[in-house]
Undergrad: 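Following this message is one structure expressed as structure tokens.
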Amino acid sequence: QVQLVESGGGLVQAGGSLRLSCAASGRTFSGYAMGWFRQAPGKEREFVARINWTGGITSYSDSVKGRFTISKDNAKNTAYLQMNSLKPEDTAVYYCAAAPSYSAAYNIRNYDYWGQGTQVTVSS
């Protein structure tokens, strides 16, 4: 059974930091790109960051660029999202997902696997 399990969410004050983790299991994700998305109440799920299989290529939404960093450790089958300088508008459920390639990762419909999400709440 393929699983992506997020962890690391929580409540933090504005300006603080959190690191989210996404542990993959159940199959090999060789060649897969990983993405982080978020969904706030009443809003659509939105792209946050993506990373290619080797970890050498990344991209970010404008709203998090310079504050968030995506990374991965293939030996541990785990992807990370380091979030610094958090703002109240970053409050959302954060999801990790896996797409079969970095080019496929540009379209949310191409993500084959999704985690269950982890809540991030930033207080002002």
Undergrad: So, do R50 and I57 sit near enough that their side-chain heavy atoms are less than 4.5 Å apart?
TA: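 A side-chain contact is absent here, since even the closest heavy-atom pair is not under 4.5 Å.
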Undergrad: Scan residues 67-86 for pairs that pass ring pair (Phe, Tyr, Trp, His ring centres under 6.0 Å), counting only residues two or more places apart or in two chains.
TA: none
Undergrad: With side chains defined as the heavy atoms from C-beta onward, is the minimum distance between S61 and E46 less than 4.5 Å?
TA: no
Undergrad: Under 4.0 Å between a side-chain nitrogen and a carboxylate oxygen: does that hold for K65 and D62?
TA: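 Salt bridge: yes.
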Undergrad: Quick one: sort the W114 and Y111 rings into parallel, tilted or perpendicular, breaks at 30° and 60°.
TA: tilted
Undergrad: Please examine the side chains of M83 and V122, heavy atoms only from C-beta on, and report whether any two atoms are closer than 4.5 Å.
TA: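 Not in contact.
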Undergrad: If you define the side chain from C-beta out and look only at heavy atoms, does anything of V120 sit under 4.5 Å from R38?
TA: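 V120 does not reach R38 side chain to side chain.
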Undergrad: Name every donor-acceptor pair, under 3.5 Å, that has one atom in a side chain of residues 96-108 and the other anywhere in the protein, sequence neighbours excluded.
TA:
from: S101; atom 1: OG; to: S103; atom 2: OG; distance (Å): 3.1
from: S101; atom 1: OG; to: A104; atom 2: N; distance (Å): 3.1
from: Y102; atom 1: OH; to: S59; atom 2: OG; distance (Å): 3.1
from: N107; atom 1: OD1; to: R109; atom 2: N; distance (Å): 2.9

Undergrad: Side chains of residues 13-21: which donor-acceptor pairs under 3.5 Å do they make with residues two or more places apart or in other chains?
TA:
from: S17; atom 1: OG; to: N84; atom 2: OD1; distance (Å): 2.9

Undergrad: For the pair Y95 (side chain) and E6 (backbone), establish whether a donor and an acceptor sit closer than 3.5 Å, ignoring hydrogens and angles.
TA: no
Undergrad: Consider only side-chain heavy atoms of I, L, V, M, F, W and Y, link residues closer than 4.5 Å, and tell whether L81 and V12 are in one cluster.
TA: yes
Undergrad: Are the side chain of N74 and the backbone N or O of N77 linked by a donor-acceptor pair below 3.5 Å?
TA: no
Undergrad: Using a 4.5 Å cut-off on heavy atoms from C-beta on, say whether the side chain of V64 contacts that of W36.
TA: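 W36 does not reach V64 side chain to side chain.
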